[in-house]
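Protein chains get the first letters and strands the later ones, always in sequence-line order, with residue 1 at the start of each.
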Amino acid sequence: MATVLEADHVKKYFPTGASKWLLRPTDQVLAVDDVSFKLEAGTTLGVVGESGCGKSTLGRVLAMLLKPTDGSVRLNGVDLATLNERDLNQVRRDIQFVFQDPYACLNPRHSIGESIATPMKVQKTHDKQGRRQRVQELMELVGLNPEHFNRFPHEFSGGQRQRVGIARALALNPKIIVADEPVSALDVSIQSQILNLLEGLQNDFGLSYVFIAHDLAVVRHIADEVAVMYLGKFVEYGDATSIYKTPRHPYTKALMSAAPVADPKIGRERKRIMLTGDVPSPVNPPSGCRFRTRCWKATDQCAEVEPQLVEVVPGHRVACHYPES
Amino acid sequence: MIYFVIRRLLFAVVLLFVVSFFTYVLFTALPTNPAALTCGKNCTPEVIARNEVRLGYDQPIHVQYGRFLKGIFAGRTYGPEGASVHCPAPALGYSFEYHECVTDLITRTFPVTLSVAIGAFVLWMGIGVGLGTLAALRRGRWQDRFATTFSVVGISLPTFFFALLAILVIVIWGGLLDFPQYTGFTENPIKWFSGLLLPWATLAILSASTYVRLTRNGILEVMNEEFVRLGLAKGVKRRTLIIKYVMRAAMVPIVTIAGLDFAALLGGAVITESVFNLPGMGKLSIRAVTDSDLPVLVATTLVAAVLIVVANAVVDILYGFLDPRVREKV
Amino acid sequence: MSTPLISIRDLHVSFHTQDGVVKAVDGVSFDVMPGETLGIVGESGSGKSVTANAIMRLNFGTQVDVSGEIIMNGKNLLEVDDDELRTLRGRQMAMVFQDPLTALNPFYTVGNQIAEAYLIHHPKATKSEVREIVLNAMVKVGIPEPTKRMDSYPHEFSGGMRQRIVIAIALVNNPQLLIADEPTTALDVTVQAQILELIGTLQEEYGSAVMLITHDLGVIAETADRVMVMYAGHAVELANVDELFETPTHPYTVGLLGSVHSLDDSSRGALQTISGTPPSLINLPTGCAFHPRCRFELGENSLCRTEAPQLHAVGKSRSACHLPESQLLQIGAKGGV
C-alpha cells in the first residue's frame with residue numbers, strides 16, 4: 001500500500017503567558033511534541049486523547065491550517081514545507097478538514113448549497129452550472145435531500161449539518177480527510193449514522209482518514225491504526241485490533257478502563273484503574289515520561305529517561321519503560 | 001499584578017509622548033501661519049517674518065517640538081523682545097488672541113468643564129444603570145418598554161436640539177430656572193447646582209441612553225450564566241442573587257467604558273458648553289478653531305488626549321482589581 | 001416498599017418562543033426513592049434537563065408554563081411560595097450542573113461560595129464553624145491542600161476540581177436529593193470516572209437520593225439503580241438497570257442500546273442506527289412521538305399514529321408502547337445487548 005500522508009518529527013509550539021516586561025521571551029505550550037506516523041491509502045488513523053493532549057493541533061497541522069514549528073509533513077512523498085504558495089494551494093485540495101461543531105463552521109447567512117460550493121469557488125474548479133450540479137451530487141452522496149440546497153443551516157439538525165460539513169469536505173475530491181471530533185457533538189443514535197456514512201465514503205472513494213476523538217469506542221469502529229496521545233506525544237501507536245485487545249501503555253489501559261461500559265454486569269465486575277489528578281500543564285510537562293505523575297508504575301527511571309516509542313510486537317509501538325504484556 | 005501596573009503606566013508615558021508629538025505636528029502643519037496671528041492689524045510682511053524668527057516658527061518641526069516640550073517642564077518666554085511674556089512651567093504656549101499663557105486659560109476653564117462632567121456623569125450613570133437594571137429585571141413589561149423607548153429617543157436626539165428645547169421649555173416658557181450660567185462651586189454651591197442642571201441633563205440624556213442598553217443587555221446576559229442558576233439552586237435570595245451574582249459581573253465592563261467616557265467628557269463638552277454659553281474647555285477649543293488660535297488648540301487637544309490616555313491606564317488597572325481572572329493573567 | 005422521597009405526577013413544561021409553544025416535557029410521572037440513584041437518559045431535546053430544572057424550579061427569566069405535581073415531604077413544590085422554595089433549594093435538594101467551568105461565580109473564592117451555601121440555611125453559624133464546615137467539605141470531595149485552596153478563585157482550578165467544588169456546594173447541607181445534570185459530560189473520561197466514583201461514595205455516606213441525568217448509557221449502566229428513558233418530552237421506559245440493558249421493552253431503547261459504541265466490538269460498517277432525526281417539539285407527531293422513526297410501527301390508522309401510549313407494565317419493566325407485550329419482550333431479547 002502506498003503512504004499518502006507522513007508526519008516526520010512534527011512539533012507545534014505556541015507562545016503563551018504574559019511577559020513581565022515588554023519584550024521578555026514567553027513560555028511555550030508544547031502542543032505537539034515530536035510526532036511521527038505514516039498513513040496508508042484507504043485506511044484510517046484514529047488519534048485518541050483527553051482534552052489538551054494536542055490531538056486537535058496535530059489535526060490542524062496535518063490539514064495545513066497551521067504550520068509546524070519543526071519537522072515535516074509529507075503528502076504523497078512531497079514535503080509541504082518545500083512548496084510555494086501556489087503549489088500549496090493546489091495540494092490543499094487533497095486534504096480536507098471536518099470540524100467538530102458543524103454549526104459553528106457554517107456561515108448562518110449562506111444557504112448550505114453555497115457553503116458546500118465554497119471550496120469549488122475558491123479553487124475555481126467548477127463554473128456556476130458545474131457547481132450547482134456537483135452540490136446536488138454531493139448532497140445525495142451524504143444522504144441529504146438535494147432539493148434542500150437553498151435552505152439555511154438553522155433549518156437542519158446537528159446530524160444533518162455534519163453531513164453538510166462532510167459534503168463540503170468532499171467537494172474537491174480529496175484523498176485525505178482530517179476529522180476533528182466529527183461526532184462528539186451529536187446524539188448517540190446520530191453518531192452511528194455519521195460513522196456509517198464516513199465508512200461508506202471511504203469504501204467508495206478510497207479515502208484516507210485521520211480521525212480525531214476523545215472517545216475510544218467511537219475510534220474503535222472506524223480506525224485501522226490508533227495513536228494514543230498524552231501531552232503532545234504519541235504514547236502508543238499501531239494496529240487498532242492489537243491496541244484494543246492488549247493495550248500496553250498504562251495510560252491507554254487507564255483510558256479504556258475509565259470508559260463507561262453500557263452493560264451493568266460487566267461494569268460491576270471489572271476492576272477499574274482509577275487515575276488520580278489531572279493532566280499536567282503542557283507548558284511545563286513532567287521530566288522523563290510525561291505520564292509518570294499519574295502512573296502507578298512510575299519509578300525514578302521514568303523521571304530521568306524519556307521513553308521512546310519502540311515496536312514491542314510487529315505493528316504496535318509503545319513509549320513506556322514498563323509496558324504491560 | 002505589580003508588574004502589570006508598572007508596565008501599564010510606563011506604556012502610558014510613552015503613549016503620551018507619541019500623542020503630544022503628533023498633536024503638535026498636526027496643528028503646526030496647518031496652512032495658517034501662526035506668526036501672522038501675533039500682530040493683529042499692524043501686520044506687514046516684515047513684522048510677520050520677524051515674529052516668525054523670534055517665535056521660532058522658522059525652525060524645523062522637531063526643534064519646535066523640542067522647545068514646546070521644554071516649555072512644559074521648564075517654562076518658556078514668548079513674544080518679541082521688550083514685550084515678552086514669561087509663562088512658568090508647565091507652559092503649553094501663549095495665546096496672542098487672549099494675551100495670556102495657555103496654561104492659565106486651561107486652569108481657568110477646566111473647573112467649568114469638570115463641574116459639567118461630574119454632574120452629568122453622576123446623572124447619566126444613575127439614570128442609565130438604574131433604568132437598564134429595571135428594564136432587565138422587568139423584561140418584557142412596561143418598564144422595559146419605557147427604558148427601550150427612552151434609549152432610542154435619547155440616542156436619536158441631537159444634543160443641541162435637546163439643549164435648545166430644554167432652554168425654551170424650562171427657562172423661557174416655564175421660567176423654572178434662570179438661564180444656565182456658571183458660578184464657582186466655592187462661591188455659591190446652590191447657584192452652581194441650579195446653573196448647571198440643564199447642561200447636566202442635556203449631556204446625561206444622550207449618554208444614559210447608551211448605558212441603559214449596555215446595562216440591560218449585560219444583566220440579561222449574566223442572568224443566563226450557569227453560575228447564577230447555581231446561586232438560585234443554592235437558595236440565595238433574589239436580592240442577593242441580583243447584587244452579588246448578576247450586578248457584580250455585569251458592572252465590570254460598564255465601569256471600564258464609563259471611565260473612558262468620563263475622561264472624554266473632561267476634554268470638553270463642545271456642543272453643550274457652546275449652547276449654554278459655559279466658559280469651559282469645550283468652548284475654549286471651539287473659539288480657538290474659529291480664531292485659528294493654534295497654541296490654544298494644540299493645548300486643549302493635548303489635554304484631552306492626556307485625559308484619555310490616563311483614563312485608559314486607570315481603567316485597565318482597575319479591571320485587574322475588579323476581575324480576579326484578569327488579575328491572575330497579567 | 002418505602003414511601004417515595006419525591007413524586008412527580010403528570011409534569012408538563014412548555015416554553016413560549018417566537019416560533020410557537022415548545023412542549024419540552026409532556027406528561028411525565030415518576031418517583032425517586034430515598035437513597036436510590038435514578039438515571040434519566042435521553043438524547044438532546046428529550047426533556048431530561050428540563051425535568052430536572054422544573055423540580056428545582058430553576059426557570060429564571062424565561063416564558064415558561066409548568067403544570068402537574070411535584071410532591072416532596074407532602075408538599076407540592078409547584079405551589080409553595082418563593083420563601084419556602086428557598087428553604088428547600090440547597091437544603092433538601094441540590095443540583096450539580098454540566099459545565100463546571102461556568103457554574104461557579106468567577107468573582108468570589110471557592111471557600112466563600114461553599115460557605116455561602118451553608119450560611120443561607122444556617123444563618124446563625126459562627127465564622128469558625130463555617131470555616132470548619134468548608135474545610136471538611138473540601139476534604140470530602142478530594143481537594144488537596146484545602147486550607148490553601150479555599151482562598152483560590154474558580155479559574156485557578158481544573159475542570160475536574162471545579163466540579164468537585166460544585167459537588168461540595170451541593171452536599172454541604174446534606175440534602176435528601178441530589179440532581180446531577182450531565183455532571184461529567186464536559187470532563188475527560190479519566191476525570192469522569194473520578195467524579196462518578198465520588199458521587200457514589202458521598203451518596204453512600206450521606207444516604208441522599210441521586211437523580212442522574214445523562215445522554216451516556218455507559219454512565220447509566222455504571223451508576224443507576226433504576227432508569228427512565230425519555231424521548232421528545234415523554235417517558236418511554238422505566239426499568240431497573242439490569243432489566244433495561246438485558247431486555248429493553250421499548251423500540252427506542254432497543255435502538256439506543258444498539259447504537260452504543262463499545263470497546264470490544266470492532267464490527268466495521270455495521271453500526272445499528274435509528275433512522276431519521278428527533279421531532280420538533282413545537283410540532284410533535286400525533287400518537288406516539290417516536291412512530292416516524294420506529295421500525296415496528298403498526299401502520300396507517302393504528303394506535304401508534306392516533307393515541308399517545310402510556311407507561312404500563314411489560315415484563316418486569318414499564319414501557320410506553322402500543323405493541324403487544326409478547327412482541328416487545330421478543331424485540332428486547334433480540335435487540336438488547
Check your understanding: Is it the side chain or the backbone of C:Met56 that comes within 4.5 Å of chain B heavy atoms, both, or neither?
Key -> side chain
Check your understanding: Would one find more than 12 heavy atoms of other residues, nucleotides or ligands at under 6.0 Å from atom CD of B:Glu221?
Key -> no
Review point. Given that the side chain runs from C-beta out, which part of C:Asp82 has a heavy atom under 4.5 Å from chain B: side chain, backbone, both or neither?
Key: neither
Practice item. Pick whichever of C:Asn105, C:Val166, C:Val172, C:Ile120 has the most heavy-atom pairs under 4.5 Å with chain B. Key: C:Asn105
Exercise for review: Is it possible for you to check whether B:Arg248 lies under 6.0 Å from the centre of the six-membered ring of C:Tyr108, through NZ or CZ, and within 45° of that ring's axis?
Suggested key: yes
Point to revise | Part of B:Val236 lying under 4.5 Å from any heavy atom of chain C | key: both
Check your understanding: Hey, do the aromatic rings of B:Phe262 and B:Trp124 have their centres closer than 6.0 Å?
Key -> no
Review point. Under a 4.5 Å heavy-atom cut-off, does chain C meet the side chain of B:Ala136, its backbone, both or neither?
Key: neither
**Study point:** B:Arg325 to C:Tyr153, cation-pi by 6.0 Å centre distance and 45° axis angle
**Key:** no
Point to revise | Flag side-chain contact, heavy atom, 4.5 Å: B:Tyr245 against B:Leu232 | key: no
Check your understanding: With a 4.5 angstrom heavy-atom cut-off, which part of C:Ile169 approaches chain B: side chain, backbone, both or neither?
Key -> side chain
